[in-house]
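Scroll down for the structure; my scribbles are underneath it.
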Amino acid sequence: MAVGIFDSGLGGLTVLDAVTREMPEVPFVYFGDNRNAPYGVRDADDVYDLTCAATERLWAAGCDLVILACNTASAAALRRMQESWVPPGKRVLGVFVPLIEALTERQWGDNSPPREVAVKHVALFATPATVSSRAFQRELAFRAIGVDVEAQACGGLVDAIEEGDMILAEALVRSHVDALKRKMPAPEAAILGCTHYPLLQDAFQAALGPDVAVYSQADLVAASLADYLRRHPNMHGPGEEALFLTSGDAGRVSDRATQFLRREIRFQPI
Ligand code: DGL
């Protein structure tokens with residue numbers, strides 16, 4: 001009954017942690033493509049090819065359903081995968097939609113026309129590839145009108161986190177928040193549109209100030225995935241074992257993951 005969780009590297013562990021808490025009975029197979037991270041500086045074709053290869057690896061591990069716990073892959077590759085690549089009996093889902101539904105206070109699957117929502121000024125922090133795709137703004141426009149989104153491409157942040165250099169990462173958060181505030185001085189809400197960024201949620205909140213509501217994806221994705229699996233019990237794949245797989249250096253990745261999740265995580269090389 002395994003389900004696959006994919007990210008370019010360590011960021012998807014923030015989602016893995018939340019889905020494991022929400023559904024302790026489900027064996028999740030995590031795949032971090034650490035060798036090829038970061039994805040956020042790659043072009044869309046490259047992200048598509050890498051994401052398809054990673055998804056096939058998770059299918060081979062007995063997961064019929066794969067969650068792209070990576071905004072960059074969700075923004076740059078998911079639609080193309082769903083439209084022309086995913087075979088019958090398999091599913092690939094992303095992490096954007098649950099976040100937008102929370103921001104716009106919509107119920108899961110509400111397909112009514114876009115309407116005015118309470119939040120008018122939204123700051124989006126994401127990778128360069130996610131920002132240039134404009135996928136967030138496109139998905140938001142299906143559901144809400146009159147929302148001003150200012151996006152900040154957070155160059156260097158994923159690299160710093162993958163390297164475990166949290167002092168550099170915190171300095172980058174402060175400078176990216178400053179850059180955002182020069183364009184939008186008083187955002188009401190901030191979206192952490194990269195699954196690596198919740199590892200720095202406190203730094204974002206401190207730099208933004210206490211009045212800004214900071215949205216991150218992990219718990220929202222966990223709630224939507226639990227709901228999805230209740231409605232589609234057939235999407236539990238045949239795999240039975242929870243696994244952590246990486247294309248990178250398994251020892252190094254395990255150490256970082258253990259540090260981030262504050263519990264022992266052992267990755268296997270693919
Ligand atoms: N965690 C990925 C995301 O959500 C990071 C992408 C990258 O590797 O740059 O976008």
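Keep in mind that this is a model prediction, so the values were computed, not measured.
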| query | Is atom CD of E264 surrounded by more than 12 heavy atoms (other residues, nucleotides or ligands) closer than 6.0 Å? | reply | yes

| field | Interatomic distance, L172 atom CG to L200 atom CG [nearest 0.5 angstrom] | value | 9.5 Å

| task | Could you tell me whether R262 atom CZ has more than 12 heavy atoms of other residues or ligands within 6.0 Å of it? | result | no

| request: Return the minimal non-hydrogen interatomic distance between F31 and S247, and the atom names on each side. | output: CE1-N, 3.6 Å

| said: Using a strict threshold of under 4.0 Å (side-chain N to carboxylate O), is an ion pair present between E163 and R252? | reply: yes

| query | So, D178 and R174, do they make that salt bridge, N to O below 4.0 Å? | reply | no

| Over-ring placement of R80 relative to Y48, 6.0 Å and 45° cut-offs | yes

| field | Check: M81 and T51 side chains under 4.5 Å, non-hydrogen atoms | value | yes

| field | Residue from V26, V29, V66 passing side chain to side chain contact (heavy atoms under 4.5 Å, CB included) with V3 | value | V26

| remark: Heavy-atom nearest pair, A250 first then S254, reads O-OG, 2.6 Å

| field | Interatomic spacing from OG1 in T72 to CZ in R42 - rounded to 0.5 Å | value | 11.0 Å

| field | Under 3.5 Å: donor-acceptor pair, side chain of Q217, backbone of V95 | value | yes

| F136 vs I191 side-chain heavy atoms within contact, under 4.5 Å | yes

| said: Please determine whether side-chain hydrogen bond (donor to acceptor under 3.5 Å, both in side chains) holds for the pair T195 and T14, giving the CA-CA distance in whole Å, both sets of side-chain angles, and the decisive distance to 0.1 Å. | reply: CA-CA 7 Å; T195 52; T14 57; 5.0 Å; no

| task | Measure across P27 and M1 and return the closest heavy-atom pair with its distance rounded to 0.1 Å. | result | CD-CG, 3.5 Å

| Among K181, R182, K183, side chain to side chain donor-acceptor pair (under 3.5 Å) partner for Q152 | K183

| field | Check: F125 ring centroid to Y197 ring centroid under 6.0 Å | value | no

| Given E150 and H121, is the side-chain hydrogen bond (donor to acceptor under 3.5 Å, both in side chains) satisfied, shown in steps? | CA-CA 8 Å; E150 193 62 67; H121 302 285; over 6 Å; no

| said: Hydrophobic clusters here meaning ILVMFWY residues chained together by side-chain heavy-atom distances under 4.5 Å, can you tell me if L245 and L16 are in one? | reply: no

| query | OG1 of T55 to CZ of R91: how many Å apart, nearest 0.5 Å? | reply | 14.0 Å

| remark: Smallest heavy-atom separation, L13 atom then Y30 atom, equals N-OH, 3.2 Å

| query | Do M166 and F260 come within less than 4.5 Å of each other through their side chains, counting heavy atoms only? | reply | yes

| said: Please check if the number of heavy atoms outside E56 that lie under 6.0 Å from its CD is greater than 12. | reply: yes

| Would you call N34 and L10 a side-chain contact if the rule is heavy atoms closer than 4.5 Å? | yes

| said: Can you tell me how far apart CG (L68) and CG (L93) are? Round to the nearest 0.5 Å. | reply: 8.0 Å

| message | Whether the T130 and S133 side chains hold a donor-acceptor pair (N or O, under 3.5 Å, no angle test) is what I'd like checked. | response | no

| task | Go through the steps for S216 and Q201 under the test side-chain hydrogen bond (donor to acceptor under 3.5 Å, both in side chains), then give the verdict. | result | CA-CA 8 Å; S216 69; Q201 178 133 356; 3.1 Å; yes

| query | Hey, what do you get for SG (C70) to NE2 (H196), rounding to the nearest 0.5 Å? | reply | 8.0 Å

| task | Heavy atoms only: give me the nearest A76-V47 pair and the separation to one decimal. | result | CB-CG1, 4.0 Å

| query | Would the number of heavy atoms belonging to other residues, nucleotides or ligands and lying under 6.0 Å from CZ of R266 be above 12? | reply | yes

| task | Identify the heavy atoms of A144 and T104 that sit nearest to each other, and give their distance. | result | CB-CG2, 3.7 Å

| query | Should V122 and E188 count as side-chain neighbours, where that means a heavy-atom distance under 4.5 Å? | reply | no

| query | Out of curiosity, does L78 fall in the hydrophobic cluster containing I67 (side-chain heavy atoms, cut-off under 4.5 Å, transitive links)? | reply | no

| note | One should read off an interatomic distance between D227 CG and H232 NE2, to the nearest 0.5 angstrom, of 9.5 Å

| said: Any carboxylate oxygen within less than 4.0 angstrom of a Lys/Arg side-chain nitrogen, looking at D33 and R57? | reply: no

